[in-house]
Undergrad: 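Here it is: the structure, laid out below.
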Amino acid sequence: MRTVIYPGSFDPITNGHLDVIQRASRLFDQVVVAVARNGSKQPLFTPAERKTLIEQSISNHDNVTVDVFEGLLVEYVEQQSGHAVIRGLRALSDFEYEFQMALMNRKLNERVETLFMMPRASYSFLSSHLVREIATLGGDVSAFVSPEVREALTKRLGQAGAN
Ligand code: PNS
């Protein structure tokens, strides 16, 4: 049974994240999407809300579970008996941060491997940060997130997010 951990802030989950989850679920027996509790300082959604939104958005994958973790990722990976960590790489600009994090995690625990997966090219510009900004300013985010996330953004940000 090969288990992979897909950690992130997911504030909120985007179609780019969903694309990575779908790809990972074809390669591994079990994918654990792990929402970091101590990520962004002022998240739009609580960890529990982010978890629910992910669960609603991935309802069609039976080998994907969603969890919230806090503390060090490498410790969480051990607790879950994970075999690897997956991170999405959208563009070269992601590389430096991801490379640093992967090597630091390896330094903290030699057994934790990081694998990078590229989402579909049409999602290479997509980020939770931009989705939050567009929704806050009343733009249409329906091409970038699931209907459940779009609705949650509308509720959280008021009618402006529904355009
Ligand atoms: O979606 P993000 O914000 O890029 O995800 C970053 C995340 C949550 C994967 C990273 O901050 C993390 O692993 N946090 C847990 C704490 C930890 O282990 N920090 C050391 C990383 S080298």
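Note that ligands are numbered from 1 as they come in the structure, with each ligand's atoms numbered from 1 the same way.
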Undergrad: Near Gly71, which atoms of ligand 1 are under 4.0 Å from a heavy atom of that residue?
TA: 15 (C), 16 (C)
Undergrad: Measuring from atom CZ of Arg156 to atom OG1 of Thr154, what distance do you get when rounded to the nearest 0.5 angstrom?
TA: 11.5 Å
Undergrad: Name the orientation class of the two ring planes belonging to Phe144 and Phe125 (parallel below 30°, tilted from 30 to 60°, perpendicular beyond 60°).
TA: perpendicular
Undergrad: Out of curiosity, is Ser128 lining ligand 1, as in a heavy atom under 4.0 Å away?
TA: no
Undergrad: Would you check the N or O atoms of Arg87, main chain and side chain alike, for any that come under 3.5 Å of an N or O of ligand 1?
TA: yes
Undergrad: Any atoms of ligand 1 less than 4.0 Å from a non-hydrogen atom of Leu73? List them with their elements.
TA: 13 (O), 17 (C), 18 (O)
Undergrad: Distance under 4.0 Å to a non-hydrogen atom of Ala36: what atoms of ligand 1 satisfy this?
TA: 8 (C)
Undergrad: The criterion is side chain to side chain donor-acceptor pair (under 3.5 Å); which residues satisfy it with Glu98, sequence neighbours excluded?
TA: Arg87
Undergrad: Within ligand 1, which atoms have a heavy atom of Met104 less than 4.0 Å away?
TA: 22 (S)
Undergrad: Would Glu70 count as a contact of ligand 1 if the rule is a heavy atom under 4.0 Å away?
TA: no
Undergrad: Below 4.0 angstrom from a heavy atom of Leu72, which ligand 1 atoms are there? Numbered from 1 as shown, please.
TA: 17 (C), 18 (O)
Undergrad: To the nearest 0.5 Å, what is the distance between CG (Leu126) and OG1 (Thr14)?
TA: 4.0 Å
Undergrad: Anything under 30° is parallel, anything over 60° is perpendicular, the rest tilted; go ahead and classify Tyr6 against Phe10.
TA: perpendicular
Undergrad: Below the 3.5 angstrom mark, is there an N/O of Ser9, backbone or side chain, next to an N/O of ligand 1?
TA: yes
Undergrad: I need the full list of side chain to side chain donor-acceptor pair (under 3.5 Å) pairs touching residues 115-128, with sequence neighbours left out, sorted by first then second residue.
TA: none
Undergrad: Can you sort out which atoms of ligand 1 are near Gly8, meaning under 4.0 Å from one of its heavy atoms?
TA: 1 (O), 5 (O)
Undergrad: For Arg106, I'd like to know if atom CZ has over 12 heavy atoms of other residues, nucleotides or ligands within 6.0 Å.
TA: no
